[in-house]
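All chains are named by letter (A, B, ...) in the order of the sequence lines, taking the proteins before the strands, and each is independently numbered beginning at 1.
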Amino acid sequence: MNRYQRELNPEQCEAATHLNGPLLILAGAGSGKTRTIIYRTVFLLEQGVAHENILAVSFTNRAVREMEERVAGMLNSSGIVKKLTMSTFHALGVRILRRDIEALGYPKRFTIYDEGDQLSLLRRAMKEHRVSEKDYDPKMIRGLISNAKNEFEEPGDVRDPLLRKLYKKYDELLRVSGAVDFDDLIRLPVRLLNEHEPCLQYWAGKFRQIMIDEYQDTNQVQLLMAQKLASIHNNICVVGDDDQSIYGWRGSNVENIRQFDKSFPGAKIVKLTQNYRCSGNILEAANHVIAKSPGRYAKKLWTDQPAGEKIGMKVLLNEADEAKYIVKEVSRLRYEEGFKWSDMSIMYRTNAQSRSFEELLRRERVPYRLIGGTKFFDRKEVRDVVAYLKVIHNSDELALRRVLNYPPRKIGTTTMDRITSETKARECSFYEVCEDIENVEKIGKTQKAAISDFVSLIRKCRERITSKENLSSVAKDLIQFLRFHQLLYKEYEKLSEAKRRIENVESLVNSIAEYETGDKKTSLSDYLERITLDSTDSDRDKAGDEVTLITLHGAKGLEYPVVFLAGVEEGFMPYFRGSEGVEDLEEERRLCYVGITRAKKKLYITRADMRRRFGKTLEREPSRFLSDIPKECWVWLANKKAKLDLSEGQKDQLFKNFFTDMQSMLNKK
DNA sequence: CGCCAATTATTTTTT
DNA sequence: ATAATTGGCG
């Protein structure tokens, strides 16, 4: 018996030791998916596939890091892992583009625009075409353009004349800015692979073995990319679970995984159906919820674990009571049942639901970490500082427009518009006009002085950076010089709000300093690219002993001994979007399934009868998915009586817990 | 152009 | 409920 047979179950082993031809690994929730692909990577290396010929792609930086760490752990060498290409789809796209993008007429040193940048650019496109933002919501148009790009449609392919016009203009603006958006990071590499033979030869030749994780989340253009990359060696292994496809509203197409053997003829399919995560009752409930889903691969997860505890259901009066109940239960599990804080997770559908839990957890001094919400680098105050860095880096016009009058320098729309028209007259960049502002007509004296001060500020920062000064110290001085703190105090009435934002600005400086420590070569452009491609809060992954608050989407791929599914009501699960009602009921069902299958030992399902939303009180009904959970799997939870008579062992535990709590509190300060 | 008051949107989200 | 945006006025 070899190592693979010994350490994997028969299905996992079959998948891990598959060598040639397309392979689909249908990996049910908790079926040891990651384990299987780690073993397969090692297997490939053992079979003599060279490191540089292996590509592993996933969606999130977190998943990539996990894969890297676990492969390194198995090989006892992190040096080898560096030669494997493990990457997100988007980071891989960047690599392909950095090599050959000039063939498409973009500059080699293109910049990457995130969603916010996209929106600013689109607004300008709409302005130029005199399309009113009142008539057409830029966010919606952005979504439509994004859909078109993800379907690999060029502007000319778009039916709707208005959309065609805006898409075209938007792409033109990207081009003159020397920028690409997130969607382009997949779409343009596909164009290169299609149109530029040397590019195809290089990449499709290089990757003899390709693995793609979370394949159920791929969209049309990602499928095209996969097909192109696999077109020479035809060794593509995708891993995923159609039951966990929850990103359809972002353009992912569950049919990609359901029709895998159509995209890659002759594909072998291996199903991993043994679940190692959930106890019996939890898995039983999950199986019943998902069973109704139409068009899925037939598979029923099974476990050899005992039935375990039944799922606890609880109905509360309102969201405050729901939070009270859960937080009390969390504490009880910690102090009476010996769970760690980090064993427990509270999950909900929308980020806004986290608030009531946060407030109470803070009040009760329960350590928690909140995952998701407005991402760190999307916060206004952080974006403002980053915009300065972008201006310093390459005079990026969008960034420049953002900060030219922030902090206020008496430069308003009139002046901005005049500069814009000057760029057209002179056929030069926005920044170049600013540099030569003295010779621009019709600009006020005050404005001219302000702009030339601004330009010399940027110049000074550039000089300091080219003379190898630390980025973080330049940023620090810049913030001080701009009197950013005072600005924030002025901008926010609430002192606590201003302080929070100042903290964020400080965290940004810390993030730069952290980036600079270590022996890797660092540069401003590399830092900026990193934060657009990997917006992971640097402290998000550091695991302390904390209760996790997370949305169902964020929880995919995670597991906890104890899960609280909160707000399991019509409106949240399934989610009602505005007046349109449910967007995709089946996807909502899958989301519910994802939530249930996160729990290993204990699952609580709670809901409230009433809820305040946008300041109005609403009556809430139980989620329709609850009726699919068999009666034998769950029980109503009563209010717990305080336990008065503790055993000696329990008292001892309580004391220990108290002690470690104090310790961690002190460490934090 | 800056400031204040009124108005309006915001609550799925890997990159 | 709250933060961000917009519109009118000085």
Side-chain angles (χ1 to χ4, degrees), chain A residues 57-64 87-94 112-118 123 133-134 137 139 143 146 150 180-187 213-214 216-219 222 244-252 347-356 371-375 377-381 405 407-416 444 446-447 450 490-494 497 501 529-536 550-558 567 571-578 582-584 587-588 590-592 594-595 611-617:
Chain A
V57 185
S58 195
F59 279 87
T60 66
N61 291 290
R62 191 183 71 204
V64 170
S87 160
T88 61
F89 263 107
H90 292 81
L92 175 66
V94 172
I112 303 163
Y113 278 1
D114 66 20
E115 217 166 298
D117 301 328
Q118 283 180 50
R123 287 206 163 98
E133 291 186 22
K134 296 240 165 59
D137 178 13
K139 285 208 183 86
S146 179
N150 289 331
V180 302
D181 63 21
F182 278 142
D183 301 317
D184 289 339
L185 293 181
I186 316 296
R187 179 184 75 120
D213 193 14
E214 303 286 9
Q216 75 281 354
D217 293 332
T218 53
N219 61 32
Q222 283 157 344
Q244 294 182 67
S245 162
I246 54 174
Y247 283 101
W249 52 273
R250 274 203 82 152
S252 85
M347 299 182 187
Y348 36 78
R349 180 60 210 273
T350 68
N351 281 309
Q353 286 167 265
S354 70
R355 265 196 84 142
S356 48
I371 295 186
T374 306
K375 280 196 278 352
F377 291 101
D378 278 342
R379 301 197 172 137
K380 186 194 165 290
E381 63 280 13
N405 194 41
R409 298 185 174 86
K410 302 188 193 309
I411 297 158
T413 37
T414 328
T415 310
M416 295 268 198
T446 347
Q447 280 73 27
K490 204 175 155 195
E491 229 168 310
Y492 297 94
E493 299 271 297
K494 273 165 79 181
E497 188 64 27
R501 288 174 191 259
E529 183 171 306
R530 266 170 113 90
I531 63 175
T532 33
L533 242 43
D534 181 4
S535 54
T536 323
I550 194 167
T551 63
L552 288 166
H553 283 90
K556 195 184 66 171
L558 303 178
F572 280 142
M573 280 178 67
Y575 183 69
F576 297 163
R577 215 192 138 86
V582 187
E583 189 142 307
D584 182 345
E587 184 157 309
E588 298 294 320
R590 295 191 291 263
L591 197 54
C592 180
V594 167
R611 208 172 272 278
R612 286 184 82 77
R613 217 184 173 195
F614 303 142
K616 281 191 172 58
T617 306

Whole-Å gap separating P (B/dT10) and CZ (A/Arg611)
20 Å
Rounded to the nearest Å, what distance is computed from the CD atom of residue A/Glu587 to the P atom of nucleotide B/dT13?
13 Å
Closest to the 5' end of DNA chain B, once A/Leu533 and A/Arg409 are matched to their nearest nucleotides, is A/Arg409
Using a cut-off of strictly less than 4.0 Å, decide whether A/Asn351 has a side-chain nitrogen or oxygen near OP1 or OP2 of B/dT13.
yes
Ranking A/Asp378 and A/Arg349 by the position along DNA chain B of their nearest nucleotide, the one closer to 5' is A/Arg349
Quick one: list whatever passes salt bridge (Lys or Arg N to Asp or Glu O under 4.0 Å) with A/Asp183, sequence neighbours left out.
none
Min side-chain heavy-atom separation A/Asp114-A/Phe182 under 4.5 Å:
yes
Of the nucleotides B/dT15, B/dT14, B/dG2, which has the atom closest to the A/Thr88 side chain?
B/dT15
Do any side-chain nitrogens or oxygens of A/Thr415 fall under 4.0 Å of OP1 or OP2 in B/dC1?
yes
Let's see if you can work this out: which of B/dT13, B/dT14, B/dC1 has an atom nearest to the side-chain heavy atoms of A/His553?
B/dT13
With a 4.5 Å cut-off on side-chain heavy atoms, are A/Glu214 and A/Tyr247 touching?
no
Nearest whole Å is fine: how far is B/dT14 C1' from A/Arg62 CZ?
9 Å
Base, sugar-phosphate alone, or nothing: which one does A/Asn405 contact when heavy atoms must sit under 4.0 Å apart?
sugar-phosphate
Out of B/dT15, B/dT13, B/dG2, minimum distance to the side chain of A/Thr60 belongs to B/dT15
Provide, to the nearest angstrom, the distance between the CD atom belonging to A/Gln222 and the C1' atom belonging to B/dT15.
9 Å
Whole-Å gap separating C1' (B/dT15) and CD1 (A/Ile112):
10 Å
Rounded to whole Å, how long is the line connecting atom CH2 of A/Trp249 with atom C1' of B/dT14?
9 Å
Near A/Lys490 NZ, under 6.0 Å, is it more than 12 heavy atoms from other residues, nucleotides or ligands?
no
Answer whether the closest heavy-atom distance between the side chains of A/Ile246 and A/Leu591 falls below 4.5 Å.
yes
Are side-chain heavy atoms of A/Arg379 and A/Arg501 found at a separation under 4.5 Å?
no
Nearest to the A/Ser252 side chain among B/dT13, B/dT14, B/dG2, which nucleotide is it?
B/dT14
Heavy-atom side-chain contact between A/Asp584 and A/Trp249 under 4.5 Å:
no
Among the nucleotides B/dT13, B/dT10, B/dT14, whichever has the atom closest to the side chain of A/Lys139 is B/dT10
Just how far, in rounded Å, is C1' of B/dT13 from CD of A/Gln244?
17 Å
Within the structure provided, determine whether A/Leu185 and A/Leu533 are in side-chain contact (heavy-atom separation under 4.5 Å).
yes
Tell me what A/Glu115 touches on the nucleic acid: a base, only sugar-phosphate, or nothing, going by heavy atoms under 4.0 Å.
base
Output the rounded distance in Å from CG (A/Asp114) to P (B/dT14).
13 Å
Side-chain N or O of A/Thr551 less than 4.0 angstrom from OP1 or OP2 on B/dT13?
yes
Under 4.0 Å between a side-chain N/O of A/Asn61 and OP1 or OP2 of B/dT14, yes or no?
no
Students often get this wrong, so: under 4.0 angstrom with heavy atoms, is A/Thr414 touching a base, only sugar-phosphate, or nothing?
sugar-phosphate
Which is the 5'-most and which the 3'-most nucleotide of DNA chain C that has an atom under 4.0 Å from a heavy atom of chain A?
C/dA1 to C/dG7
Between A/Gln447 and A/Lys410, is any pair of side-chain heavy atoms under 4.5 Å apart?
yes
So is the aromatic ring of A/Tyr247 stacked onto the base of B/dT14, judging by whether the centres are under 5.5 Å apart and the planes are under 30° apart?
yes
Measuring from the side chain of A/Lys490 (C-beta onward, heavy atoms only), which nucleotide among B/dT14, B/dT15, B/dC3 has the closest atom?
B/dC3
Considering only B/dT15, B/dT14, B/dT13, which nucleotide approaches the side chain of A/His90 most closely?
B/dT15
